[in-house]
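Residue numbers count from 1 along this sequence. Atoms considered below: every heavy atom in the structure, side chains included; atoms not considered: hydrogens, waters and symmetry mates.
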Amino acid sequence: MELAKLKLTAKRKTICDKLGLKDSDDILSYYPFRYENYQVTPICDFIEGGNVFFEAELLTYPSTFRYGRKSRTSFKVLYEDEELSVSIFNRPWLKGLDIGDKIVIAGKYDGNHKITANQYYLKSIEEIKGIIPVYPSVAGIGQHEIRKLIESVYGQLTASLEDDLPLEYIQRHRLVDYRTAISNIHFPKSEMLLKMALARLKYEEFVRFYLAMELIRDEKVKAKKGKSFDERKLSSFIDNIGFPLTDDQKKATREILADIKSSRIMYRLLQGDVGSGKTAVAMIAFYANYLAGYQGAFMAPTEILAKQHYESINGLFGDCRIVLLTGSSKNSDNLKKEIADGNVDLVIGTHSLFQDDVSFKKLGLVVADEQQRFGVKQRRKLKNKGPDADFLMMSATPIPRTLASSIYGDMDVSTIEVLPAGRKGCDTYLIKENSLRSFLDAIRKTLKEGQQIYIIGAAIDHNDNTNIKDVRELSQAIGQLLKEYKVECLHGRLSDEEKETIMARFHANEVQVLVSTTVVEVGVNVPNATMMIIYDADRFGLSQLHQLRGRVQRGNLKGSCYLLTASKDKDVIARLAFLANCNDGFEISKYDLKTRGPGDLLGYRQSGLPPLVLGNLLNDEKISKAARADAHEIIGRTDDFECQNLIAKLKAAAFKKYID
């Protein structure tokens with residue numbers, strides 16, 4: 001129901017506006033992100049560091065100590081004949097209290113009869129105790145106001161809340177009905193009722209998610225004319241590629257070639273760890289596409305990587321005409337005309353390939369390298385330049401198979417897990433300071449032996465409000481420290497021509513130390529660079545750090561990576577220590593997802609898809625698996641009114657815009 005039709009005060013309408021709640025569905029699905037379980041804690045159950053909740057008698061008047069904008073208010077209370085010292089921070093307004101008054105305290109027990117309170121109440125404990133929801137909020141909006149808003153809307157709509165899920169599936173999994181679930185997630189009377197509400201709402205989220213995936217997949221599965229090519233020429237090409245394929249590469253190649261030959265348009269993700277040989281598989285696909293008489297488009301996220309691909313591929317296919325098309329291409333008009341006329345067999349480029357004035361005569365295969373760096377609309381725009389073109393996306397941020405099949409449910413997934421033989425790997429060291437001093441000798445030794453070094457910073461400019469090392473100052477400081485070597489600075493604000501020149505000089509070993517932001521994260525290939533130093537490593541996700549250190553695993557020598565951090569946070573140190581001891585991209589991705597959540601990974605996948613607010617693809621595997629099987633079943637029940645009604649509502653929803 002629209003906000004205008006709800007009976008809301010002007011203040012509550014303002015709250016809705018600030019929280020981005022546009023209708024009753026938004027309000028009722030504005031779920032708590034945690035709960036405070038206020039159950040009275042007897043003093044005999046106090047555990048140091050544990051949560052406590054109790055009602056006590058005030059023994060001393062509160063006194064407040066201020067330091068800057070912060071404050072600490074302290075007082076003493078009597079609870080079960082024990083005197084306790086209570087401190088509460090940044091709450092200096094405890095006024096109007098008299099000795100002997102009752103006060104309810106919620107907080108942590110610090111030991112030695114000391115309490116750090118995070119909340120206090122002047123009501124009776126009977127009015128407060130229970131499971132209290134805590135909602136996401138913004139400045140100026142209190143938890144009480146959000147609770148009252150949801151309570152008001154629920155009260156107005158209780159009688160009209162109905163299930164979208166078919167009754168059969170609710171009964172099959174012994175789920176509570178929607179009305180009960182909404183009541184118990186916002187106003188839980190017990191942990192058991194809350195658990196039942198969460199199970200029901202998570203299941204429904206997953207069903208909608210997987211139904212959307214199924215519907216998108218059905219839309220994408222279109223007929224095309226299968227491509228045929230000379231198998232002997234392709235086999236000869238593979239035999240002469242310069243190295244033997246791993247079993248995983250062979251399997252991925254078979255899957256992709258089967259898609260190319262089939263009468264169904266290919267939508268496939270090729271995922272594999274850094275250096276696993278995804279590009280080699282893509283080249284085989286391009287050659288098969290060329291032999292079939294079609295054009296190909298290879299899309300890279302940066303000009304540096306696009307040019308690198310061009311230089312390594314050009315001439316590999318014999319008479320195949322390959323061109324590089326980027327924003328800085330000087331003869332772009334002539335190239336575009338040749339592409340449109342069909343005189344170019346393979347185009348390698350960046351975002352320039354999306355432009356309206358780039359057209360193909362017979363586009364048969366599109367490959368997007370590091371696909372997560374391109375938006376859905378961008379990928380679709382290139383794909384639509386060839387209505388029957390096969391589409392292959394590549395990612396070096398691998399995720400476990402079970403999770404990949406959930407997130408990429410509308411695509412087929414090929415995975416390369418085993419690295420090619422001969423990879424020397426990388427030794428990673430965690431340095432608990434933002435300084436080179438503890439391994440300066442190793443730096444000088446690496447440079448003296450003729451090898452090169454990447455130094456990564458998290459910022460381009462200095463910021464007085466943070467202690468983050470910026471690459472411009474780092475470059476100057478490193479240049480002074482290593483005066484006998486050439487040091488250059490690379491970052492995203494340089495022109496494409498400047499970046500290309502610096503990278504060319506680094507590739508040619510005219511620059512020995514490259515101080516850079518993460519612009520070198522993807523695909524840059526300088527085999528002679530064997531050391532990477534990452535300042536403020538705590539500012540990056542583990543998968544990104546793993547990608548970065550992949551730059552020093554390109555040659556025949558073993559690489560080394562130094563993770564520098566000034567953070568004292570135990571969780572941060574634990575994350576970085578895990579990376580230092582693990583070189584498996586799949587395990588790193590899994591750990592990163594568990595500690596940081598799948599939000600970033602799901603970001604672009606969720607464009608237009610029903611969101612996962614309560615459900616978690618990693619932690620709710622059992623519910624997710626059941627919901628996925630049921631979604632597949634619901635799609636097939638074309639004569640069931642309840643199933644088709646749910647599908648119709650999904651089709652009318654915003655996810656439709658995602659469909660290619």
Side-chain angles (χ1 to χ4, degrees), residues 224-266 268-272 275-300 305-325 338-339 342-349 353 360-369 386 388-394 396 412 414-423 523 525 527 554:
K224 67 163 188 183
K225 182 180 179 182
K227 301 181 180 77
S228 60
F229 46 83
D230 191 320
E231 302 273 359
R232 286 181 298 177
K233 285 187 177 180
L234 183 63
S235 294
S236 177
F237 173 78
I238 295 172
D239 290 340
N240 291 292
I241 205 167
F243 49 83
L245 298 181
T246 64
D247 288 342
D248 281 355
Q249 285 177 305
K250 291 176 182 177
K251 184 175 183 293
T253 298
R254 287 195 299 271
E255 292 168 343
I256 291 167
L257 293 179
D259 285 346
I260 290 174
K261 289 189 283 187
S262 78
S263 58
R264 184 178 68 89
I265 291 177
M266 173 172 67
R268 183 174 291 276
L269 172 76
L270 175 61
Q271 65 162 2
S276 61
K278 298 180 298 296
T279 303
V281 174
M283 290 308 99
I284 294 169
F286 273 128
Y287 192 64
N289 182 72
Y290 161 67
L291 291 176
Y294 288 84
Q295 294 172 291
F298 192 9
M299 181 169 58
L305 186 54
K307 185 174 182 183
Q308 187 172 286
H309 280 317
Y310 174 75
E311 290 174 347
S312 63
I313 295 168
N314 194 26
L316 189 64
F317 295 170
D319 294 333
C320 175
R321 174 86 191 284
I322 302 175
V323 299
L324 177 68
L325 182 64
E338 290 194 75
I339 294 166
N343 296 326
V344 170
D345 300 302
L346 174 58
V347 184
I348 300 172
L353 299 181
F360 294 79
K361 186 174 182 179
K362 197 177 181 182
L363 183 61
L365 176 63
V366 174
V367 176
D369 193 10
D388 293 335
D390 290 311
F391 199 29
L392 177 66
M393 300 196 297
M394 301 199 301
D412 295 307
S414 293
T415 302
I416 302 176
E417 294 188 20
V418 179
L419 296 180
R423 295 286 181 180
N525 186 27
R554 316 297 289 189

Contacts of D345 meeting side-chain hydrogen bond (donor to acceptor under 3.5 Å, both in side chains) (sequence neighbours excluded), chain-then-number -> none
In a table with atom names and distances, give each donor-acceptor pair under 3.5 Å that connects a side chain of residues 282-292 to protein atoms at least two apart or in another chain.
{"from": "N289", "atom 1": "ND2", "to": "Y294", "atom 2": "O", "distance (Å)": "3.3"}
{"from": "N289", "atom 1": "ND2", "to": "Q295", "atom 2": "O", "distance (Å)": "2.9"}

In this structure, CZ of F391 is separated from CE of M266 (nearest 0.5 Å) by 9.5 Å
Check: Could you walk me through whether L325 and L353 pass the side chain to side chain contact (heavy atoms under 4.5 Å, CB included) check?
Finding: CA-CA 7 Å; L325 182 64; L353 299 181; 4.0 Å; yes
Separation between CG (L245) and OG1 (T253), nearest 0.5 Å, reads 5.5 Å
One should read off an interatomic distance between E255 CD and I260 CD1, to the nearest 0.5 angstrom, of 12.5 Å
One should read off an interatomic distance between L270 CG and S276 OG, to the nearest 0.5 angstrom, of 7.0 Å
Given the options L316, V344, L346, I322 meets side-chain contact (heavy atoms from CB on, under 4.5 Å) only with L346
Applied to residues 314-325, the side chain to side chain donor-acceptor pair (under 3.5 Å) test, sequence neighbours excluded, yields Y310-N314, R321-E338
Q) Does the side chain of K225 come within less than 4.5 Å of D388's, by heavy atoms? A) no
The side-chain contact (heavy atoms from CB on, under 4.5 Å) partners of E231 (sequence neighbours excluded) come to F229, K261
Quick note, salt bridge (Lys or Arg N to Asp or Glu O under 4.0 Å) partners involving residues 306-318, not counting sequence neighbours, are K307-E500
Applied to residues 238-263, the ring pair (Phe, Tyr, Trp, His ring centres under 6.0 Å) test, sequence neighbours excluded, yields none
